[in-house]
Amino acid sequence: MRVISPRDRTEDAVGYLTAATGVTNLVVLAGAARDPQGDLILFDVAREAANHVIDHLKELRVHEDGSIAGEHVDLSLSHAAERAEEEAPGDSDDAVIWEELAQRVADDCKVTWAFLAFMAIAVQIAAIGVVVNSPILIVGAMVLGPEFGAIAAICFGLLTGHPPVILRALRTLAVGFAAAIAITLVCALVSRPLGWLDAGMLNTGHEEVQFIVKPDRWSFIVALLAGIAGVLSITAGKSSSLVGVFISVTTVPAAGYAALGIALGQWSEVGGSVAQLAVNIAGMIIAGTLTLYAQRFLWARFGRRAPAALRRTLTAPPGSPRGAGRLHGRMDEP
């Protein structure tokens, strides 16, 4: 973390950081900061202790006249850093840095040209995948879909009781899907006179993609699981890039199918696609919000009580001395 502290608050900040659990590699450069003016404080902090440190620095109002910034350390070879992580309560993979999450969802619920471009491209690829009956193209569309950031913002807004965040995220989803469907519709309408599309294309030979327009109990269950996986992917210390594929399986293909249905006049298919999209977004919001509630409750109840001796036993590689170094957290990770 990098902190620019007003000089009248540096002593209190450094005093706290010196004694704080999970903090190490503390460096203080008096008068080094110019804009804003103040003292520069650099230190490492275990992920599971970061919330307490950030909260205390905010209580000192360091961020009002200075700044607080953080980034993830990819490589740290240090006995002191390993000891700090062992002393910190809980496990880094389970810790949610709430200020980081708040900033992320605030960025993800903005309507930007990049967001609209990714949405339009993803929905068009999904529509082409439906036309040629290609699950591979549909999976490719899932990879590009950027919509879960706005869904996560809604979940966070519900967790914190912040209606403006919810409204901004809902607007982002509405604008994103409306723009993507409109662009795909225009492309489909242009393709009809060229003979690339006809009204019968959605009626036969699409058994592998029919799940897109048939909302049922399994669709809702998949949406719930996608919501849980999505929230865990953006809050946990680790996540897989493949999580995005799983999340978008419930949204982007349905939007592409709806655009095709409108272009070909298949209104029953349009209704099914829109219903599928609404059911899945609702399921992800419900599951995502409950997951955030569970993370906050479980960490407050159990995460800060993990015995240090137990953590050392679990994190030390078999047959090697404790404290030999640290690479991305635990040394025994593959």
Side-chain angles (χ1 to χ4, degrees), residues 50-51 54-55 58 63 68 70 94-120 122-123 142 144-182 215 219-236 239 243-256 258 273-300:
N51 284 315
I54 293 172
D55 289 344
K58 290 179 67 177
H63 62 298
I68 302 172
D94 297 329
V96 179
I97 303 177
W98 295 105
E99 289 291 342
E100 179 185 49
L101 179 60
Q103 189 170 72
R104 177 166 182 173
V105 299
D107 292 337
D108 287 343
C109 65
K110 295 177 181 177
V111 180
T112 64
W113 288 113
F115 174 82
L116 295 177
F118 274 114
M119 283 293 297
V123 172
M142 297 171 192
L144 291 176
E147 73 285 357
F148 189 76
I151 294 174
I154 295 174
C155 298
F156 185 77
L158 292 172
L159 174 75
T160 57
H162 198 191
V165 172
I166 300 173
L167 293 176
R168 284 198 302 269
L170 287 173
R171 182 195 63 182
T172 299
L173 283 178
V175 172
F177 277 111
I181 291 174
S219 301
F220 188 69
I221 291 173
V222 169
L224 293 175
L225 295 174
I228 296 171
V231 165
L232 291 176
S233 73
I234 64 175
T235 58
S239 65
V243 172
V245 177
F246 180 55
I247 296 166
S248 292
V249 70
T250 59
T251 54
V252 167
S273 299
V274 172
Q276 178 83 49
L277 184 61
V279 166
N280 290 331
I281 290 178
M284 284 192 287
I285 291 174
I286 293 171
T289 304
L290 292 176
T291 301
L292 287 176
Y293 271 108
Q295 286 180 293
R296 187 170 67 175
F297 172 79
L298 292 175
W299 181 263

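When a residue number appears, it is its place in the shown sequence, counting from 1.
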Measure across Ile181 and Ala255 and return the closest heavy-atom pair with its distance rounded to 0.1 Å.
CG1-O, 3.8 Å

Decide yes or no on side chain to side chain contact (heavy atoms under 4.5 Å, CB included) for Trp98 and Leu159, but give the supporting numbers first.
CA-CA 11 Å; Trp98 295 105; Leu159 174 75; 3.6 Å; yes

Rounded to the nearest 0.5 Å, how far apart are CD1 of Ile151 and CE of Met284?
3.5 Å

OG1 (Thr291) and CD1 (Ile286) are apart, to the nearest 0.5 Å, by 11.5 Å

Heavy-atom pair with the smallest gap, counting every atom of His63 and Lys58:
CE1-O, 3.5 Å

Check: Val96 main-chain N/O paired with Asn51 side-chain donor or acceptor under 3.5 Å:
yes

Could you tell me which non-hydrogen atom of Ala152 sits nearest to which non-hydrogen atom of Ile234, and how far apart they are?
CB-CD1, 3.5 Å

Taking every heavy atom of Leu158 against every heavy atom of Tyr293, the minimum-distance pair comes out as O-OH, 3.5 Å

Side-chain donor-acceptor pairs of residues 105-115 under 3.5 Å, sequence neighbours excluded:
residue, atom, partner, partner atom, Å
Thr112, OG1, Phe115, N, 3.1

Distance, nearest 0.5 Å, that separates OG1 of Thr289 from CZ of Phe156
11.5 Å

Of the non-hydrogen atoms in Ala169 and Ala153, which two are nearest, and what is the gap between them?
CB-CB, 3.8 Å

Check side chain to side chain contact (heavy atoms under 4.5 Å, CB included) between Leu170 and all other residues, then give those that pass, not counting sequence neighbours.
Ile154, Ile166

In this structure, CD1 of Ile97 is separated from OG1 of Thr235 (nearest 0.5 Å) by 10.5 Å

Partner set under side-chain hydrogen bond (donor to acceptor under 3.5 Å, both in side chains) for Gln103, not counting sequence neighbours:
none

Which heavy atom of Pro146 sits nearest a heavy atom of Phe118, and at what distance?
CG-CB, 3.8 Å

Could you go step by step and tell me if Ile281 and Glu147 meet the side chain to side chain contact (heavy atoms under 4.5 Å, CB included) rule?
CA-CA 10 Å; Ile281 290 178; Glu147 73 285 357; over 6 Å; no

I'd like to check Leu292 versus Arg296 (side-chain heavy atoms, cut-off strictly below 4.5 Å). Are they in contact?
no

Could you pull out all residues at least two apart from Arg168 that satisfy salt bridge (charged side-chain N to carboxylate O under 4.0 Å, His left out)?
none

Once rounded to the nearest 0.5 Å, what's the spacing between atom OG1 of Thr251 and atom CD of Gln276?
10.0 Å

Stepwise side chain to side chain contact (heavy atoms under 4.5 Å, CB included) check, Leu232 with Gln295:
CA-CA 9 Å; Leu232 291 176; Gln295 286 180 293; 3.7 Å; yes

Donor-acceptor pairs under 3.5 Å, side chain of residues 222-231 to any protein atom, not counting sequence neighbours: which ones?
none

